[in-house]
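Just below is one structure, and these are the notes that go with it.
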There are 2 protein chains.
Amino acid sequence: MDDALKLQMLFQTLGDSNRLKIIGFIGEKECSVSEIVEATGMSQPLVSHHLRTLRESQVLETKRSGPFVYYRLKDQRLLSALGIFSEIADSIEDKEVNSTMFCSPQWWRMHWK
Amino acid sequence: MDDALKLQMLFQTLGDSNRLKIIGFIGEKECSVSEIVEATGMSQPLVSHHLRTLRESQVLETKRSGPFVYYRLKDQRLLSALGIFSEIADSIEDKEVNSTMFCSPQWWRMHWK
DNA sequence: CATTCATATAAATGTATATTTATATGTTAT
DNA sequence: ATAACATATAAATATACATTTATATGAATG
């Protein structure tokens, strides 16, 4: 797998609100699935699905301990990198299509041309 | 639009190989659409479509000059931020499902369970 | 060993989005 | 004004992906 593809897959993994929420909650900790379910308010299967994606893309790694499975960041550098991107993202202005909340630009075009 | 959503949308925008290719080619320069078409080998409408996405998500900004439209990065900090993420991405190992090139993890599960 | 709790998977569904092909808009020069 | 070129949009298609509901696995405990 070439490096550009790795980068693209990493961004794709991070490009989901629920997964970012999970990463943000875990932070430097080590969390069980149920803690994540509780903290995020997402359903357990949905959390499990996203955790699988995060594990397969090697953003998270796991450790089983009895009946619990603990997830933690595989590369702690990700946290500071997220901080940098947050700053860049903050400078994005809410104008036109972006202000539609929950609706993608394409949805907007589709329904209101 | 809240900050978490901005971050998610930025990552989503970056999570596409063709868009990363475009960003990488533009770099610190200012490029016309045809230059990008030529450099990337993508079709003109496809380039145009991705440029629109990149502009709407405020990664790129544009300037018209005669018949040409020039695109450049709106925030130069993005380049170094991409460098940081590249390093993180490089440490990702090519194992199991990731080695399938062009096929998503979900595709893999689907066809080979 | 059966029950309970934690987590994972499967199937079904709806929606988002990349790509192609075809066509339109906009600008310049003849 | 029309031809030629640069770019953008539209329609059509195919696929990827998030989410829900239902069920399975796997570990601990009575």
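Every chain is numbered from 1, with letters handed out A, B, ... down the list of sequences. Just so it is clear, the structure is predicted and the values come from calculations on it, not from any experiment.
At the phosphate of C:dA18, neither OP1 nor OP2 sits under 4.0 Å from any side-chain N or O atom of B:N18. Distances shown here put every side-chain N or O of B:S34 at or beyond 4.0 Å from the OP1 or OP2 atom of D:dC5. When the side-chain nitrogen and oxygen atoms of B:R64 are compared with OP1 and OP2 of D:dA6, none of them lie within a distance under 4.0 Å. Phosphate proximity of C:dA8 to A:R52: absent, as no side-chain N or O sits under 4.0 Å from OP1 or OP2. In this model, the phosphate group of D:dA8 is approached by a side-chain N or O of B:Y71 to a distance below 4.0 Å at OP1 or OP2. A sub-4.0 Å separation between OP1 or OP2 of D:dT19 and a side-chain N or O of A:H50 is present.
Separation of atoms CG (B:L82) and CD1 (A:I84) is listed at 11.0 Å; rounding is to 0.5 Å. The NE2 atom of A:H50 sits 9.5 Å away from atom OG1 of A:T40, with the distance rounded to the nearest 0.5 Å.
Hydrophobic clustering of Ile, Leu, Val, Met, Phe, Trp and Tyr side chains at less than 4.5 Å, counting indirect connections, keeps A:F85 apart from A:I92.
The interatomic distance linking B:L54 (CG) with C:dT17 (P) rounds to 14 Å, in whole Å. If you take CZ of A:F68 and C1' of C:dA8, they are 16 Å apart, rounded to a whole angstrom. Here the P atom of nucleotide C:dA6 and the OH atom of A:Y70 are 11 Å apart, to the nearest Å. The interatomic distance linking B:H49 (NE2) with D:dA11 (P) rounds to 14 Å, in whole Å. Counting to the nearest Å, the C1' atom of C:dA8 and the CD1 atom of A:I36 are 14 Å from each other. In this entry the distance linking CG of A:L46 with C1' of D:dA18 reads 7 Å, nearest Å. Atom CD of A:E56 and atom P of D:dA16 are 15 Å apart (whole Å). Computed from coordinates, the A:F11 CZ to D:dA16 C1' distance equals 20 Å when rounded to whole Å.
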message: I'd like to know whether B:K74 forms a salt bridge (charged side-chain N to carboxylate O under 4.0 Å, His left out) with B:E61, so could you lay out the CA-CA distance, the side-chain angles of the two residues, the decisive distance to 0.1 Å, and finally the verdict.
response: CA-CA 5 Å; B:K74 183 167 187 185; B:E61 59 187 5; 5.1 Å; no

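When the nucleotides C:dA18, C:dT17, C:dT21 are ranked by their closest atom to the side chain of B:Q12, C:dT17 comes out on top. Residue A:D16 has its side chain nearest to D:dT19 when only D:dT19, D:dT7, C:dA8 are considered.
Outside the 6.0 Å centre-distance limit, the rings of A:F25 and A:Y71 are not counted as a close aromatic pair.
Along DNA chain C, the nucleotide nearest to A:E35 and the one nearest to B:S65 differ in position, and the one closer to the 5' end is contacted by A:E35. Map B:V33 and A:P67 each onto its nearest nucleotide of DNA chain D; the residue landing nearer the 5' end is B:V33.
You won't find any donor-acceptor pair under 3.5 Å spanning the side chain of B:Q44 and the base of D:dA6, going by distance alone.
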